[in-house]
Visitor: 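This is the structure I want to talk about, given as structure tokens.
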Amino acid sequence: MSTTPAWGNYHWDMLVEMTVIGAVFPLYDGLNLYVLSQWYRTGFLDYKEHHVMNAVWSMSKTAAAALLFSAHDAHFFWPHPGITLIYRWAVQLVPQLLILVPYLLRIFRYVAAAHDYDPVATAAGTEMARGLQRTEVNNSKA
């Protein structure tokens, strides 16, 4: 990026665009690995919230690919030679915000609580809760 002239150079535009798009993947995977490491440490996982987080991440990654191609299309969507970098960012990031914003607070609460999540609060008791979770895991493998 530092060796190409800024703003108006196709290669610089692509590098900036991919930096913005690709910056979220380590965040998504890092949060997922953190939660899974806490599951390994504690033996408990809030399956519902984990499913919500991964569904949102998957939807965001899938939308990123479709939005990337639609933002660069100079045939069906935009007149030739296409749109500039700022408009491509808008085409790609505004729908992403519509996907992510409704779930961000829920996901961050889930990640923040992952280090001490314990379903014992349901009054089932530690051994019963662990047994239920083991049964769920064993049933899913069958």
Visitor: Checking the side chain of Arg88 only, and the main-chain atoms of Ile83 only, is there a donor and an acceptor separated by less than 3.5 Å?
Guide: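 Side chain of Arg88 to backbone of Ile83, a donor-acceptor pair under 3.5 Å: yes, one is there.
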Visitor: If you measure only the distance, is there a donor-acceptor pair under 3.5 Å linking the side chains of Asn54 and His50?
Guide: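 Short answer, yes.
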Visitor: So, does Ser37 use its side chain to make a donor-acceptor pair with the main chain of Tyr34 at under 3.5 Å?
Guide: yes
Visitor: If hydrophobic clusters are built by linking Ile, Leu, Val, Met, Phe, Trp and Tyr wherever their side-chain heavy atoms come under 4.5 Å apart, do Tyr28 and Leu104 end up in the same one?
Guide: yes
Visitor: If I compare all heavy atoms of Leu100 with all of Val56, which pair ends up nearest, and what's the gap?
Guide: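 Of all heavy-atom pairs spanning Leu100 and Val56, the closest is CD2-CG1, 3.6 Å.
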Visitor: If hydrophobic clusters are built from ILVMFWY residues whose side chains come within less than 4.5 Å, do Val52 and Phe108 share one?
Guide: yes
Visitor: Charged N to carboxylate O under 4.0 angstrom, Asp29 versus Lys61?
Guide: yes
Visitor: Measure across Val35 and Tyr110 and return the closest heavy-atom pair with its distance rounded to 0.1 Å.
Guide: CG1-OH, 2.8 Å
Visitor: Which atom names give the shortest non-hydrogen contact between Gln92 and Leu67, and what distance separates them?
Guide: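 In terms of heavy atoms, the two residues are closest at O-CD1, 3.5 Å.
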Visitor: For the NE2 atom of His72 and the CE atom of Met14, what is their distance to the nearest 0.5 Å?
Guide: 4.0 Å
Visitor: Are Trp57 and Tyr47 grouped together when hydrophobic residues (ILVMFWY) are joined by side-chain heavy atoms under 4.5 angstrom apart?
Guide: yes
Visitor: Taking a hydrophobic cluster as the set of Ile, Leu, Val, Met, Phe, Trp and Tyr residues connected by side-chain heavy atoms closer than 4.5 Å, whether directly or through intermediates, do Tyr87 and Leu85 fall within one such cluster?
Guide: no
Visitor: Test question: given the 4.5 Å side-chain rule for I, L, V, M, F, W and Y, name all other residues clustered with Val101, or answer none.
Guide: Leu97
Visitor: Tell me whether the count of non-hydrogen atoms from other residues, nucleotides or ligands lying under 6.0 Å of OH in Tyr103 goes above 12.
Guide: no
Visitor: Closest approach of Asp73 and Trp78, non-hydrogen atoms and distance?
Guide: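 Nearest pair, atom of Asp73 first, then Trp78: O-CD1, 2.8 Å.
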Visitor: Any non-hydrogen side-chain atom of Val20 less than 4.5 Å from a side-chain atom of Leu93?
Guide: yes
Visitor: Is there a continuous path of hydrophobic side-chain contacts, each under 4.5 Å between heavy atoms, that joins Leu33 to Ile107?
Guide: no
Visitor: Between Glu17 and Trp89, what is the shortest heavy-atom contact and its length?
Guide: CA-NE1, 3.9 Å
Visitor: Which pair of heavy atoms, one from Ala64 and one from Gln96, lies closest together, and at what distance?
Guide: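 Closest heavy-atom pair between Ala64 and Gln96: N-NE2, 3.2 Å.
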